[in-house]
Asks: 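Structure provided below as structure tokens; questions to follow.
Residue numbering restarts at 1 for every chain, and letters A, B, ... go by the order of the sequence lines.
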Protein chains: 2
Amino acid sequence: MSPERRKFKRASAEERKEALIEATLELVAEKGVRGATVRDIAERADVTQGLIRHYFSSKEELMTAAYEHHMVRITDLTSAPLKEISADASGRLAAFVSASLRPPVMEPTAVALWAGFLNKVQQDAHMRQIHQRTYDYFRHKLAEMIAAALEEAGRPASPARLHHLAVACNAVIDGLWMEGGALPEIFAEDELPKIGLESVGAILGLNLENKVDQP
Amino acid sequence: MSPERRKFKRASAEERKEALIEATLELVAEKGVRGATVRDIAERADVTQGLIRHYFSSKEELMTAAYEHHMVRITDLTSAPLKEISADASGRLAAFVSASLRPPVMEPTAVALWAGFLNKVQQDAHMRQIHQRTYDYFRHKLAEMIAAALEEAGRPASPARLHHLAVACNAVIDGLWMEGGALPEIFAEDELPKIGLESVGAILGLNLENKVDQP
DNA sequence: CAGTTAATTATACACTTGAATAATTACTGG
DNA sequence: CCAGTAATTATTCAAGTGTATAATTAACTG
């Protein structure tokens, strides 16, 4: 009996692209961009390797699409909690900080992805542009919320000071995000959001800790 | 005329290993572990590829040696400034924070290296051990210095609180280190050490800013 | 239900990779 | 100055890589 040709189902372009991108992100998190081979990706997406080039003209293009997909998702995930919160400025800030330090934003795979893509981001102009855009959005949003919270407390800050504060708060969040993602087992549940609120609060001179309840 | 055999000079094992390790670190920072091929490494170290296996039994072993070399260097670089400072506890803490946010500790290549090695660190037991050791050392040292500084200020902290504070301060430093390394062009000279001292000071309730002068 | 076409699989190719082995040659100790 | 030997180069190999192309077949359309 000759080896039978593999059975398959047709899928819409959207479904297939989505599946390929998810598989790509998983593998980049596990082995980096170069370790995620087209054969691995195809296998995980449950198709054969030739199909990749039917939807993406090169591995490069697939990587770029996957990165963009990931960044958009992260942006959405940190923005979503803000929509449903009609609290005061400090409450909104607290919600933002807290959401950034919990799953699904803070996850081991997210940190691994960040690391896996860094090289490519630094060397590929298009990737760097995607990164820059997301990063700027984040910092701008954070600065905005800090400004509002400080005004609310009757202590408005100068633009220069605001810049400093935004960089500092962003660093706390990024640093905790990284530690939590890189060494998830050494932190207790809710420990990092708590530390984050405490630290951002200390830097800004605000009390954020009782501003947000466990979602 | 037949292509002449390449001329070469013999070197001591130490020299050659050192050169190979430096070349490895450069290339890992540029292209990640898988992108740093033995041929690339050999070329950058100005030898032919066969020589690598004369000194290291596999690429794996070279990578491990390079990673360890790098981690030891980082540890030394952050410890060195403390030796020559006979200041009070808060002064020593300030020096540590400041040194961590300047070259040669904070550099684009250092962040790229961190990212380049992350995958391997998470998957290789020996690498993870090296990483864990360095990380524990860092946090322990930081916690120690925070404890001393708080006692000096007449506000000793409980172990639990100390743990929180050490995690938070470590996160600020890591986060700023990452931002400075990933986007070096957007920060002014001395801006990050200043923000670091300000933020760590705010978290601990100490004034660290005039504790350290530009080295 | 037959005909068509695009989605999918299968195969082939040129090149890179880590590793292994063979061939040279720079240095050292007498 | 002359072996001897270990450091170094050169060559080979099998496996893996991205890409290109040919062969099939699932699903739609009339």
Asks: From the options dC27(C), dG18(C), dT9(D), select the nucleotide whose nearest atom is closest to the side chain of K9(B).
Replies: dC27(C)
Asks: Please evaluate the base of dA7(C) for a donor-acceptor partner in the side chain of R16(A) within a cut-off of under 3.5 Å?
Replies: no
Asks: DNA chain D: G50(B) or R34(B), which has the more 5' nearest nucleotide?
Replies: G50(B)
Asks: Rounding to a whole Å, what distance do you find between R6(A):CZ and dA26(D):C1'?
Replies: 15 Å
Asks: Starting at CD1 of I41(A) and ending at P of dG18(D), how long is that distance when rounded to a whole Å?
Replies: 8 Å
Asks: Run the salt-bridge test on E15(B) and R10(B) with the 4.0 Å N-O cut-off and return the result as yes or no.
Replies: no
Asks: What is the distance, to the nearest angstrom, from the CG atom on L20(A) to the P atom on dT9(C)?
Replies: 10 Å
Asks: Would you kindly give the CG-to-P distance between L51(A) and dG18(D), to the nearest whole Å?
Replies: 16 Å
Asks: Among dT19(D), dT8(C), dA19(C), which nucleotide has an atom closest to any side-chain atom of Q49(B)?
Replies: dA19(C)
Asks: Rounding to an integer number of Å, can you tell me how far K7(A) NZ sits from dA27(D) P?
Replies: 12 Å
Asks: If you look at every strand shown and take non-hydrogen atoms under 4.0 Å, does Y55(B) touch a base, only sugar-phosphate, or nothing?
Replies: sugar-phosphate
Asks: For the side chain of R128(B) and the backbone of Q122(B), is there at least one donor-acceptor N/O pair under 3.5 Å apart?
Replies: yes
Asks: Which of these nucleotides, dT9(D), dT8(C), dA19(C), is closest to any side-chain atom of R53(B)?
Replies: dA19(C)
Asks: Can you find an N or O donor on one side and an acceptor on the other, under 3.5 Å apart, linking the side chain of R39(B) with the base of dG18(C)?
Replies: yes
Asks: Between R73(B) and E22(B), is there a side-chain N and carboxylate O pair less than 4.0 Å apart?
Replies: yes
Asks: Describe the nucleic acid contact of A13(B) in one word from base, sugar-phosphate, nothing, applying a heavy-atom distance below 4.0 Å.
Replies: nothing
Asks: Of the candidate nucleotides dA7(C), dA23(C), dG18(C), which contains the atom at the shortest distance from the side chain of R5(B)?
Replies: dA23(C)
Asks: Taking atom P of dT8(C) as reference, at what distance in whole Å does atom NZ of K17(A) sit?
Replies: 12 Å
Asks: Taking for each residue the nucleotide of DNA chain C bearing the nearest heavy atom, is the 5' side occupied by F8(B) or by V38(B)?
Replies: V38(B)
Asks: Hey, does the Lys NZ or Arg CZ of K141(B) hover above the aromatic six-ring of F96(B), less than 6.0 Å from the centre and inside 45° of the axis?
Replies: no
Asks: Rounded to whole angstroms, how far apart are CD on E43(B) and P on dT9(D)?
Replies: 13 Å
Asks: Would you kindly check if the NZ (Lys) or CZ (Arg) of K17(B) is within the cone defined by 45 degrees around the ring axis of F56(B) and under 6.0 Å from the six-membered ring centre?
Replies: yes
Asks: Is E198(A) salt-bridged to R161(B), going by a charged N under 4.0 Å from an acidic O?
Replies: yes
Asks: Taking the nucleotide of DNA chain C with the nearest heavy atom to each, does S12(A) or V33(B) sit closer to the 5' end?
Replies: S12(A)
Asks: Where the side chain of R10(A) is concerned, which of dT11(D), dA26(D), dA26(C) is the nearest nucleotide?
Replies: dA26(D)
Asks: To the nearest angstrom, how far is H54(A) atom NE2 from dA6(C) atom P?
Replies: 9 Å
Asks: Select base, sugar-phosphate, or nothing to describe what T48(B) touches, counting heavy atoms under 4.0 Å on all strands.
Replies: base
